Amino acid sequence: MLVFAFGIVTLTTTVIAVMVQRKAEQALQNTLEENALNLLASTRNFVEMEHKSIVYYKTAVLDRRKAEIRNLVDMAYSLVITRYNQYLSGKLTEQDAQMSALSDIEMLRYDGGVGYFWVNNTDKENPTLIMHPTMPALEGKTLLSPEYNCVIDTNQNLFHAFIDICRRHGEGYVHYRWPKPTPIGLTEEQPKVSYVRMFQPWNFIIGTGVYVDDIEKEAAKRVDAVITELNDAISKQKIGDEGYFFIFNEKNIMLVHPNMVHQDLSGLRDATTGESLVKKMKAAAFTPSKSMVYLWDKDSARGVYKYEKKIFVTHFPPLGWYIAVSIYKDDFEKRVTALTNSIIWFSMGIIVLSLLLAGWLARSFSGPLLQLARAVSNTGVDGLPIRKMDVKGADEIITLTNTINHMIDSIKVSKANLQESEKRFRSIFEAAGESIWLISTTDNTISEFNTAAYESLGYSRDEFASMSISALLMGEVDEEKYIEAVEGDTVSHFESVHRGKGNTPHNVLVTCRNIQVENHNYNLVVVRDITEKTRMEQLMVQSEKMMSVGGLAAGLAHEINNPLAGILQNAELLKSRLVDDTPKNKQIAAEEQTSFEAVQRYLQRHKVERLLFLIANAGTRAAQIVRDMLSFARQEGAESQWVRLQELVDRTVLLAANDFDFKENFDFRKIRIIREYDDTLGAVRCYPSKIQQVLLNILQNGADAMRNKTYIENEAPTFLLRVTTEGEDWAVIQIQDNGVGMPEVQTKRVFEPFFSTKGVGKGTGLGMSVSYFIISENHGGRLEVDSSPGQFTMFTIKLPYHS
């Protein structure tokens, strides 16, 4: 019986040892490799997000530097304006003013003396540098040599490019190649972006620029910062006992590694085959398994290349980086060996004691050992035991249990590191500028959302979290769109109206897409606020409404005109028969046995003549309104003509001065006129009389606005008249006064029929409406207004133009 018990114990112990060893070895290996792959994917995602931040940073730096050079050119431009005003006021001759302006600009420096300004002319046939502080030898020379064909992508002559963009827009950016000044002299040509602006009165083009390599250096600093962050964040993380992360680039330079940063990997060889190790790693990144095995040393055995190591490697093309995670085979073999040894020693003890304690061992030893085996086998979806195993039983079982529990703790630490990585990605999700929601497809509730989701609508996080989709939408139709998008299988785009705090509507563009997270279906919703875009569309609709008012005005004017003519004629007839001293009137008075003088006294006592005058005056005013309404609606009958707008504006200024002086008892000559005319603008086809009518309306309104303003010392009523082009399709007239201005609520209505900013009886409210339709309907152009209360009002007329 004792031998039988000994045999049973021996067989049972051996079977259990083999089962536990195989199960633990397979589970541990699978867990380590799965954990390594998950960490590799998380690291690649982290690198991808950092790359996006690098691209954004580079773009932001370029935009910032471009804005800086634009502001610098504006500063130089203001110096020229100052000298030009001294010339206009007679303090300097024009030549002295120009030389002083060039001297002022030449002295300007920035960026430690590297940044400078230059000035060239606007003559495309003879492009000449007027002033250049770093290349004074070029001043006054014609710059048509092929060496100046340095505009990037087009090889256009650089100074032709400056002239073209200034003629079209007055200012702009140009990308080209140009020598760079340094403390030791000029370098070879470098990529450069410059901003130029034209000063029309003197045909100056003022410019400055920034070299692109300076921006690249700033972006490179950002890449170095990312590499430093990665070294701090992931290079010290261990996979197993001694596995780790590393990253190298296309040039085989190690970027991230626990102890090999900045080393060149080109000379490393496979200890088994002698092949280039880095080439094999790059090739592995493009295999299905993305893995390879080779011999390498360890932290505990430096220089001993005999340890089998498995790496998983992936390629990130935008940066040319290879991201790898490595594990050592003996990391898990040591644990399995320790486990096996524990089982063997434990089994031997049991066999020795089984002769004496077989019965007791059958009850006290087999049970805990089988329970341990079941606990090891009872794993969750992550391949780990569902719960931590209790330490009880014999010493060997306690040792075995502690070993397995230690292994589980080590894996949990690795998972905690993974969770930390997920927190970083969560912070990126929260920092996104557009609203992002995650809607559960089971009950259509918002399960996740970022900060922009509630801040854009004015809610707090707690307020937004408690709201349903129905509460956020302004109508049932919008809710139906969301339901259709949630139930669909494709990406959906639609517009909606969301309810902000205080019941304020927000027009938004919604993009929906179904995704799966942890075996649960969600709808990812990205929301972009388009309230401003919608407002502009509404303004366009309002413009169409104004056009329809024209037809109504025409019909209304014709209906009023006929009875109004009868009123005026009969009022005139009454005056001639009652008031005028004619033989016929005297004869009729005598026939009625009275005198014409008595009738006159009767009419004077009852103020009939005054009443007739008021009837005629009111009728005349009504007739003027009818004429304005007809002008508001009808097309121009005369043929259009080719006209130089500069001359047309000047003629209208003279007409406005005489007319306004006469009507308003105001000296128009007190108004200072500043002209900025583009002499290269040719004739424009239009209806001259109608354009004069528009200009006259604007000038008289401006004069009235300036007459009603009190100016402080050194200020005076001023009109700025500008005639230029916008691109190749528009001729532009701008009239700006420095009068009382208008608030936004008035600028929105200034072109509406019968709207007037003047007092009662001082206008029909049709002048600007008629002007709007003359420009838009008769000429196919545009009429726009911009104003600031107490500062200025500027009207812009755009007429079709083909040079």
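Numbering starts at 1 and runs along the sequence shown. Note that the structure is a prediction, hence the values are computed from the model and not measured.
For N697 and S771, the side-chain atoms include at least one donor-acceptor pair closer than 3.5 Å. Under 3.5 Å, the side chains of N252 and K282 contain a donor-acceptor pair of N or O atoms.
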Only pairs under 3.5 Å count here: list side-chain donor-acceptor contacts from residues 151-158, not counting sequence neighbours, and write none if there are none.
unit_1	atom_1	unit_2	atom_2	d
T154	OG1	Q156	N	3.3
Q156	NE2	D164	OD2	2.9
N157	OD1	F159	N	2.9
N157	OD1	H160	N	3.0
N157	ND2	L143	O	2.9

Exercise answer: donor-acceptor pairs, residues 646-653 side-chain atoms, under 3.5 Å, sequence neighbours excluded:
unit_1	atom_1	unit_2	atom_2	d
Q646	NE2	D678	O	3.0
D650	OD1	R675	NE	2.8
D650	OD1	Y677	OH	2.9
T652	OG1	L648	O	2.7
T652	OG1	Q692	NE2	3.3

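Applying the ring-ring contact (aromatic ring centres under 6.0 Å, His included) criterion to Y711, with sequence neighbours excluded, gives no partner residue. In this structure, the side chain to side chain contact (heavy atoms under 4.5 Å, CB included) partners of N126, at least two apart in sequence or on a different chain, are D123, T128, T142. Qualifying ring-ring contact (aromatic ring centres under 6.0 Å, His included) partners for Y110, counting only residues two or more places apart in sequence or in other chains: F117.
A heavy-atom distance below 4.5 Å is not found between the side chains of I69 and R65. In this structure, L129 and M135 have side chains that are not in contact, with every pair of non-hydrogen atoms separated by 4.5 Å or more. In this structure, K192 and K180 have side chains that are not in contact, with every pair of non-hydrogen atoms separated by 4.5 Å or more.
To the nearest 0.5 angstrom, I105 atom CD1 is 10.5 Å from T208 atom OG1.
In this structure a side-chain-to-backbone donor-acceptor pair under 3.5 Å is missing from T725 to A731. The backbone N or O of I774 sits less than 3.5 Å from a side-chain atom of H779, completing a donor-acceptor pair.
Within the structure, ring pair (Phe, Tyr, Trp, His ring centres under 6.0 Å) pairs that include any residue of residues 190-224 comprise Y77-F199, Y84-F199, Y84-W202, Y173-Y195, F199-W202, W202-F204 (at least two apart or interchain).
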